[in-house]
Asks: 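Got a structure for you, questions after.
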There are 2 protein chains.
Amino acid sequence: MQLLLVEDNQTLGQAVEIGLSQRQFMVTWVRTGAAAISNFNRQEYDVAILDLGLPDIDGERVLQSIRKKGVDIPILVLTARDQTSDVIHLLDAGADDFMTKPFDVNELAARLRALLRRRSGYASAKIECGPVAIDTSSREAFVNGREITLSRKEYELLQLFVMQPMKVHPRDKIEALLSSDTHVVESNALEVHVHNLRKKLGQRELIETIRGVGYRLRCKD
Amino acid sequence: MQLLLVEDNQTLGQAVEIGLSQRQFMVTWVRTGAAAISNFNRQEYDVAILDLGLPDIDGERVLQSIRKKGVDIPILVLTARDQTSDVIHLLDAGADDFMTKPFDVNELAARLRALLRRRSGYASAKIECGPVAIDTSSREAFVNGREITLSRKEYELLQLFVMQPMKVHPRDKIEALLSSDTHVVESNALEVHVHNLRKKLGQRELIETIRGVGYRLRCKD
DNA sequence: GGTTTTCTTAAATATTTCTTAAGATAAATT
DNA sequence: AATTTATCTTAAGAAATATTTAAGAAAACC
């Protein structure tokens, strides 16, 4: 399995290279966005890992650039912990999955295999989390296999939760995601959206309130 | 059943090869457009799968080239996620069916069998989806077996929907399909076409509105 | 060239979704 | 227990989005 790793940090890159090599991946490691683009053009990889915090080019640029050129291999994006609100935009820009640093190499390998499985046509783009599931390609949401209809903001909210289950999402991060660039929310819009989403999910406890901080999605019992 | 698979990606190709072999297809797998053309010339296949994203030659070229040479076996085309607007042009160029990646191998096999059935004269080129059906060769449309008369754009819209039922088609993708290369639509033409199509279909709910995203055709109840 | 059909545009209407605000409830603090 | 603070709930008005209608422009047909 050919894998392209785009990562500027020496320590992290080395760890990933070693870890994935031991797990049957053939890793090609480049350290700059420029090198990434020229490597993608050669189109000989099955999957790629792209760190957003590159020194020379914005990682999102790289992503858009290679997608525009028709490269359609699965790409997993690495982000720093505090860039999670960008996640939705990244997925729209063509990322297939993402992980926040620091991460576990076992999970990384598992996610890569999942991406490859999905790509080969055996599975859909469904992401599950306990009774909740979303299909990022069709924007459908399910509870216990039954489809529920969500508004745009409700879906974006749920997508954020499902993408990082059990993670506590701070209120300001969620608000940044929900509000457009022009319009700043200075009311309790977030709470109302959470309330409506909870109602549609059926089980209120699925979205847990962390008082003074934010919310998180519970998946396990 | 002899099948020619034209696919450059190792992972995807292998998945298809294995999946179809298990389903009684004899798969010959080539990885380049050049190899595809020379293999097609030998004319010993019953059906073919052609990936558009080939490294050496444009897939559409391959398609036109082999059709020009009189090869008339059914060809199913594989396209990337965001090329769905090319679909109609592909069908015009000689493709018999298409699927977007990623896909389900079961569906792939079903479609291939449908193509072969049609070819052997037992069935027409009808594609069904609940009460709706279209005949891609005669460009006729039916609701509950009764024929309805559609304008060109209405038919193309319905064909897009029927080809990928239950998939949410983003507005911009549909607009790209409906508008010619020269003329850009900057009005609500799309909505008007959807409205007229709905009226002719009789049942408004068949075409579902996904607010802020696009439309989709519902087939199941 | 004239007729007919289809397509686009635009404005009026309808619908859904979002935001706001205010009172109710619950948790933390004193 | 009373007070403060944060969150939940509800409902109504505002904003965004979609539908419908109709008329003129463009294309297709004869």
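So you know, we letter chains A, B, ... as the sequences are listed, proteins then strands, and number each from 1.
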Asks: How many Å lie between CD1 on B/Ile207 and C1' on D/dT19, as a whole number?
Replies: 13 Å
Asks: Taking the minimum atom-to-atom distance to the side chain of A/Asn188, which one of D/dC8, C/dC7, D/dT19 wins?
Replies: D/dC8
Asks: B/Arg211 side chain: which of D/dT9, D/dA16, C/dA27 is closest?
Replies: D/dA16
Asks: For C/dT16 and A/Ser151 - does any side-chain N or O of the residue sit under 4.0 Å from the phosphate oxygens OP1/OP2?
Replies: no
Asks: Does B/Arg152 or A/His193 map to a spot on DNA chain C nearer the 5' end, using the closest nucleotide for each?
Replies: B/Arg152
Asks: Check this for me: does any side-chain nitrogen of one of B/Arg198 and B/Glu154 sit under 4.0 Å from a carboxylate oxygen of the other?
Replies: no
Asks: Looking at D/dA6, I'd like to know if its phosphate oxygens (OP1 or OP2) sit under 4.0 Å from a side-chain N or O belonging to A/Thr209.
Replies: no
Asks: Report the distance from atom NZ of B/Lys200 to atom C1' of D/dT19, rounded to the nearest whole Å.
Replies: 18 Å
Asks: Name the closest nucleotide to the A/Val192 side chain, picking from C/dT17, C/dA21, D/dT21.
Replies: C/dA21
Asks: What is the separation between atom CD on A/Glu191 and atom C1' on C/dA21, rounded to the nearest whole Å?
Replies: 12 Å
Asks: From NE2 of A/His195 over to C1' of C/dA24, roughly how many Å is that when rounded to an integer?
Replies: 12 Å
Asks: Search all heavy atoms of A/Tyr45 against all heavy atoms of A/Leu3 and return the closest pair with its distance.
Replies: CD2-C, 3.8 Å
Asks: Rounding to a whole Å, what distance do you find between B/Lys199:NZ and D/dT19:P?
Replies: 13 Å
Asks: Do A/Val6 and A/Val62 have side chains that approach each other closer than 4.5 Å (heavy atoms only, starting at C-beta)?
Replies: no
Asks: Choose from D/dT19, D/dT7, D/dA28 the nucleotide whose nearest atom is closest to any side-chain atom of B/Arg198.
Replies: D/dT19
Asks: Check this for me, if you would: do B/Arg216 and A/Glu147 make a salt bridge, where the nitrogen-to-carboxylate-oxygen distance has to be below 4.0 angstrom?
Replies: yes
Asks: Hey, is CD on B/Glu208 packed in by over 12 heavy atoms from elsewhere, all under 6.0 Å?
Replies: yes
Asks: Both A/Val213 and B/Arg171 contact DNA chain D. Taking the nearest nucleotide for each, which residue is further toward the 5' end?
Replies: A/Val213
Asks: Whole Å only: how far is the CD atom of A/Glu154 from the P atom of C/dC18?
Replies: 6 Å
Asks: Give the rounded distance in Å between these two atoms: OH of A/Tyr215 and P of D/dT7.
Replies: 6 Å
Asks: To the nearest angstrom, how far is B/Arg204 atom CZ from C/dT15 atom C1'?
Replies: 11 Å
